[in-house]
Structure formats: structure tokens, C-alpha cells
Amino acid sequence: MTVTAIPTSSEYALRAMVCLAAEAPEWVTARDLATRANVPAAFLSKILRRLVRAGLIEGQRGHHGGFRLLRPAADVRIADVLSAAQVEAAPARCAFGFDRCSDGTPCPLHAMHKELQHRCQAWADHTTLADVDLTLLRRA
């Protein structure tokens with residue numbers, strides 16, 4: 001069994017950012033980025049717009065254009081990418097499906113779910129693109 005913690009759009013945003021980190025400081029065309037990140041081109045264009053608006057990447061039109069990171073990989077946290085993709089690292093929802101779940105009125109899974117959320121957020125806050133093993137990308 002596989003547990004997935006983030007939506008596909010966030011996964012795609014992370015893939016794109018890792019590929020841009022691998023090529024930094026070079027420009028990468030949207031077409032090449034879609035191929036390298038294994039992301040559908042139409043979906044990638046929406047993600048790239050979000051990443052540009054968030055100030056994580058810049059885009060340039062023209063013959064030598066494309067996209068590239070605006071900051072060094074060590075300065076781009078996973079939380080920054082997830083935020084740009086408009087996803088929380090640890091969504092605040094009840095694991096049991098209750099409408100009202102809080103520390104004061106917890107569901108049976110509240111404490112464990114809260115701990116999972118805390119760990120996911122801490123990981124996203126402290127992990128950067130520089131922590132990614134880019135050598136594995138080059139072998140793919």
C-alpha cells in the first residue's frame with residue numbers, strides 16, 4: 001500500500017522545480033521541462049504561472065527563453081513550492097471526516113493526525129531543493 005500526501009499538481013510542481021534546479025542557472029524551455037519532469041505540457045503551463053507569481057522562477061519569451069530558478073536551490077524550501085502550488089504541506093482537515101474536530105472536541109484519530117500534520121509541515125519547512133539528489137535525475 002502506498003500513502004500519498006500531496007495532490008498531483010503539487011507533485012508536478014516539485015518535479016518541475018527539481019528539474020530547474022538541476023539545470024540552474026540555465027534557461028529551460030517549457031517543452032523540455034515537461035519532458036524532463038514527465039508532466040503533461042498543458043498542466044505544466046498552469047503550474048509554471050503559479051511558480052512565477054510566487055517569485056520562485058522567472059520566465060522569458062523568445063529564442064533563448066524558457067524558465068529558471070530565481071533563487072539558489074538551497075533557498076527554495078519544499079514548503080515554498082507547495083505554497084506556490086496552493087497546497088498546504090499538511091492539510092487541516094479531520095482524519096475521521098467530522099465537520100467539527102479540534103483539540104477541544106477531538107475525533108478518535110485527532111492526536112495522531114495532528115502529529116502527522118506537524119511532521120509533514122516541519123519536513124516541508126526544513127527541506128530545500130538543494131537537499132534533492134540531482135544525480136538521480138540525470139540517470140533517469
With side chains defined as the heavy atoms from C-beta onward, is the minimum distance between [X] and [Y] less than 4.5 Å?
X    : Y    : answer
R77  : D125 : yes
S45  : R49  : yes
K114 : D103 : yes

Between the main-chain N or O of L109 and the side-chain N or O of H113, is there a donor-acceptor pair closer than 3.5 Å?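 Between the backbone of L109 and the side chain of H113 there is no qualifying donor-acceptor contact (under 3.5 Å).
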
Polar side-chain atom of T127 near backbone of A124 as donor-acceptor pair, under 3.5 Å: no

Please name the pair of heavy atoms, one in [X] and one in [Y], separated by the smallest distance, quoted to 0.1 Å.
X    : Y    : result
T29  : G65  : CG2-O, 4.0 Å
N38  : Y12  : O-CE2, 4.4 Å
F98  : P108 : CE1-CD, 4.1 Å
A54  : A84  : CB-CB, 3.5 Å
L44  : A30  : CD2-O, 3.7 Å
L134 : A22  : CD1-CA, 3.8 Å

Side chain to side chain contact (heavy atoms under 4.5 Å, CB included) with R71: of L129, D80, T128, only one passes, and it is D80

Spacing of [X] atom [atom1] and [Y] atom [atom2] [to the nearest 0.5 Å]:
X    : Y    : atom1 : atom2 : result
I57  : I47  : CD1   : CD1   : 10.0 Å
D131 : W123 : CG    : CH2   : 9.5 Å
W27  : H64  : CH2   : NE2   : 12.0 Å
L82  : S9   : CG    : OG    : 9.5 Å
F67  : L33  : CZ    : CG    : 8.0 Å
S10  : R15  : OG    : CZ    : 11.5 Å

In plain terms, say whether R68 and E23 are close enough for a salt bridge, that is, a side-chain N and a carboxylate O under 4.0 Å apart.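 Result for this pair is no, no salt bridge flagged.
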
Cluster check V132, L14: I/L/V/M/F/W/Y, side chain < 4.5 angstrom: yes

M17 with L70, same ILVMFWY side-chain cluster at under 4.5 Å: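 Shared cluster, no.
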
